[in-house]
2 protein chains.
Amino acid sequence: MANIVTNIINPHISVDCVIFGFDDDNLNILLVDRTLKEKKTDHIIFNDFTLTGNHIYEKEDLNDAAHRILYDLTGLKNIYLEQFSVFAHPERLSKPNDKLWLINQGKDPESRIISVGYFALIATNNVTLEWKGRNVDWFPINKIKELAFDHNQILNSALKALQTKLLNEPIGFELLPEKFTLSQLQKVYEVILGTSLDKRNFRKKVSRMKYLIPLNEKQKGVAHKPAQLFVFSREIYEKTKRNVFDFSI
Amino acid sequence: MANIVTNIINPHISVDCVIFGFDDDNLNILLVDRTLKEKKTDHIIFNDFTLTGNHIYEKEDLNDAAHRILYDLTGLKNIYLEQFSVFAHPERLSKPNDKLWLINQGKDPESRIISVGYFALIATNNVTLEWKGRNVDWFPINKIKELAFDHNQILNSALKALQTKLLNEPIGFELLPEKFTLSQLQKVYEVILGTSLDKRNFRKKVSRMKYLIPLNEKQKGVAHKPAQLFVFSREIYEKTKRNVFDFSI
DNA sequence: ACACTTAGTGTAATAAAAACACTTTAGATA
DNA sequence: TATCTAAAGTGTTTTTATTACACTAAGTGT
């Protein structure tokens, strides 16, 4: 009996994606309503939302699995993806409701389920969600209440990872269209970091980032002074970025 | 045939620990020589080194598994541990040599092996390695050549994670005895970041860190001016640390 | 007493951060 | 076509952080 504890098992592995989007106002998350999926079970209604996840295939790398899951949901390839943590608590998905769901998915409800967490950044305006309005939609991050499973924990962990990443690398662009304004970029920083920034100081700071290229092109069709458009040059960024070894503490 | 690719399997999960230590000169890694372990196989000599790893038990959380693995090797508890990445390439451990090793370990050589990578920081002077000189020892990180499996890749990834962490949080102390000198701390930063730092500027910088508490106590028995000793106050750090939300970009 | 070794200290110049308010330019509207 | 509205764009001053740089102090060993 005692050695049951030291048994070795092969758990079930899946990938869960926290998909961040930005709509010029809010940081949003793509959530899936389980209700529709389980309609066939009739009397069981799982009336709550989950992140997007799926198991990995036998010969599939984790990054490939994450890209596949994103592609299936959004039709997009080459999305910015970052693995941030593993969720493997032995009691994960062992609540009665979760077990029902596992059975419903054709999975062994007694199997241990380990999830590798990824976060994705996508430019919302590139996406037309095939499933939108059915069971998939965007939700502002600060309006999200209780999610299924341990997905609130995964979401919080993803947000923290995103914040840290944003403070160390220029990834805000990934949430914006190819051409963007400095106000949009500032708002990205503000919604991710949950703070407000001074416009002049922000612009002074980004003007030092040589990989931010101003275009001879302006916003069109806005009822106010149109803003200049910028693009992010990955090439210049890669060329000029300071290696971690150059940092001084 | 085609759908074999989309088969779902339950891979084998293990935890690999990159154990960092510091001896006032070098950043060291604890490595295990597989040779001894496999002596019983007689004709097969695996003459190379690996990180410390093991499978997880059925009801064991990943962090607990990592702590257990460290405890078994060093006899230490409450070690600083940080999960940094998952290594799951489908062809991992599929070289002939690796398969032999898996068979030798009583594992299915066809099973997919996924490793969750942790790095540990330990104060070397606290450790008396039971296995030291037998098949476990410290190696300066810049002298490490070819390791078994994909452990060079895991090591590089761990080092990068450690560097990033060090630039964002005060964790250098974890590699030092409770009471340490500023020169020791500076050297920790230097060996981890692979750079050299100006002594006066370093001291100016750390003097701003309120959680670094000077003691009324000096080094003893050194053949030069003895240095003042400091301790790290986690309490003050937690109280005064700026939340990610306070950062300005 | 002298040699050796590492600890410990200050200043000036440059760069970055923070705080702060008004003018410009387009579309919308009357 | 004059006026309104809304966001874009811009500069200065103060404070704080970074960088570069060289000598004296305090112990042990001989």
Side-chain angles (χ1 to χ4, degrees), chain A residues 22-26 166-168 170 176-177 179-191 193 195-210 212-231 240-249, chain B residues 22-25 167-168 170 176-177 179-191 193 195-210 212-231 240-249:
Chain A
F22 174 70
D23 61 6
D24 279 11
D25 287 311
N26 290 296
L166 184 67
L167 291 167
N168 287 287
L176 293 172
K179 301 173 181 181
F180 52 85
T181 71
L182 294 186
S183 295
Q184 286 178 307
L185 186 60
Q186 179 177 340
K187 188 77 187 176
V188 164
Y189 277 83
E190 289 179 336
V191 296
L193 300 176
T195 185
S196 71
L197 301 169
D198 178 86
K199 185 161 50 156
R200 281 179 287 191
N201 292 339
F202 180 85
R203 290 157 109 94
K204 218 180 298 164
K205 179 135 185 168
V206 299
S207 71
R208 265 177 255 127
M209 304 170 174
K210 300 302 183 211
L212 240 185
I213 318 288
L215 301 175
N216 288 323
E217 205 175 329
K218 294 185 173 184
Q219 262 185 324
K220 269 176 195 149
V222 288
H224 53 76
K225 181 174 178 180
Q228 187 172 23
L229 294 173
F230 288 76
V231 292
T240 61
K241 77 172 162 187
R242 300 199 309 161
N243 196 289
V244 71
F245 298 110
D246 304 326
F247 286 11
S248 58
I249 84 138
Chain B
F22 175 70
D23 61 7
D24 278 11
D25 286 312
L167 291 168
N168 287 287
L176 294 172
K179 301 172 182 181
F180 53 86
T181 70
L182 294 186
S183 295
Q184 286 177 307
L185 186 60
Q186 180 177 339
K187 188 78 186 174
V188 164
Y189 277 84
E190 289 178 335
V191 296
L193 300 176
T195 187
S196 73
L197 301 168
D198 178 87
K199 184 160 55 154
R200 281 180 285 192
N201 294 338
F202 180 85
R203 283 159 186 256
K204 217 180 298 165
K205 179 133 184 168
V206 298
S207 72
R208 268 176 252 128
M209 304 171 174
K210 301 303 183 213
L212 240 185
I213 318 287
L215 302 174
N216 289 325
E217 203 175 332
K218 294 185 174 184
Q219 261 184 326
K220 269 176 195 150
V222 287
H224 53 76
K225 179 172 176 178
Q228 186 172 23
L229 293 173
F230 289 75
V231 291
T240 61
K241 77 172 162 188
R242 300 200 308 159
N243 195 288
V244 71
F245 298 111
D246 304 327
F247 285 13
S248 58
I249 85 137

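Since the structure is predicted, the reported quantities are computational estimates derived from the model, not experimental observations. Letters A, B, ... mirror the listed sequences (proteins, then strands); counts begin at 1.
In this structure, A/Asp198 places its CG atom 15 Å from P of D/dG11, rounding to the nearest Å. If you take CD of B/Gln184 and P of C/dT5, they are 19 Å apart, rounded to a whole angstrom. Whole-Å rounding puts the A/Gln219 CD to C/dT24 C1' distance at 15 Å. D/dA26 atom C1' lies 10 Å from atom NE2 of B/His224, rounded to whole Å. Taking atom NZ of A/Lys218 as the reference point, atom C1' of C/dA26 lies 9 Å away to the nearest angstrom. Summarising the geometry, the separation between CZ on A/Phe202 and P on D/dA7 is reported as 17 Å, rounded to the nearest angstrom. Atom CE in B/Met209 sits roughly 14 Å away from atom C1' in D/dT18 (whole-Å rounding). Atom CZ in A/Arg208 sits about 13 Å away from atom C1' in C/dT14, given to the nearest Å.
Looking only at distances, no side-chain donor or acceptor of A/Gln228 sits under 3.5 Å from a matching main-chain atom of A/Glu217.
Heavy atoms of A/Arg203 sit under 4.0 angstrom from at least one base atom.
Between A/Ala227 and A/Arg200, the residue anchored nearer the 5' end of DNA chain D, judged by the nucleotide with its closest heavy atom, is A/Ala227. Looking at which nucleotide of DNA chain C each of B/Lys204 and B/Thr181 is closest to, the 5′-most match is held by B/Thr181. Remark on DNA chain C: of its neighbouring residues B/Phe230 and A/Pro226, the 5'-side contact belongs to B/Phe230, judged by nearest-heavy-atom nucleotide.
Within the 4.5 Å cutoff, the side chain of B/Gln219 has heavy atoms near those of the B/His224 side chain. A heavy-atom distance below 4.5 Å is found between the side chains of B/Tyr189 and B/Leu197. By the 4.5 Å heavy-atom criterion applied to side chains, A/Leu193 and A/Leu167 are counted as neighbours. At least one side-chain heavy atom of B/Val191 sits under 4.5 Å from a side-chain heavy atom of B/Phe22.
Counting atom types as modelled, A/Lys199 pairs a side-chain N or O with a base atom of D/dA8 as donor and acceptor under 3.5 Å. For A/Lys225 against C/dT23, no side-chain N or O and base N or O form a donor-acceptor pair under 3.5 Å. Side chain A/Asn201 to base C/dA19: a donor-acceptor pair is found below 3.5 Å.
Listed nucleotides D/dG29, D/dA6, C/dA28 differ in distance to B/Ala223; the shortest reach to its side chain belongs to D/dG29.
Considering only side-chain N and O atoms, B/Ser183 lies under 4.0 angstrom from the phosphate OP1 or OP2 of C/dA7.
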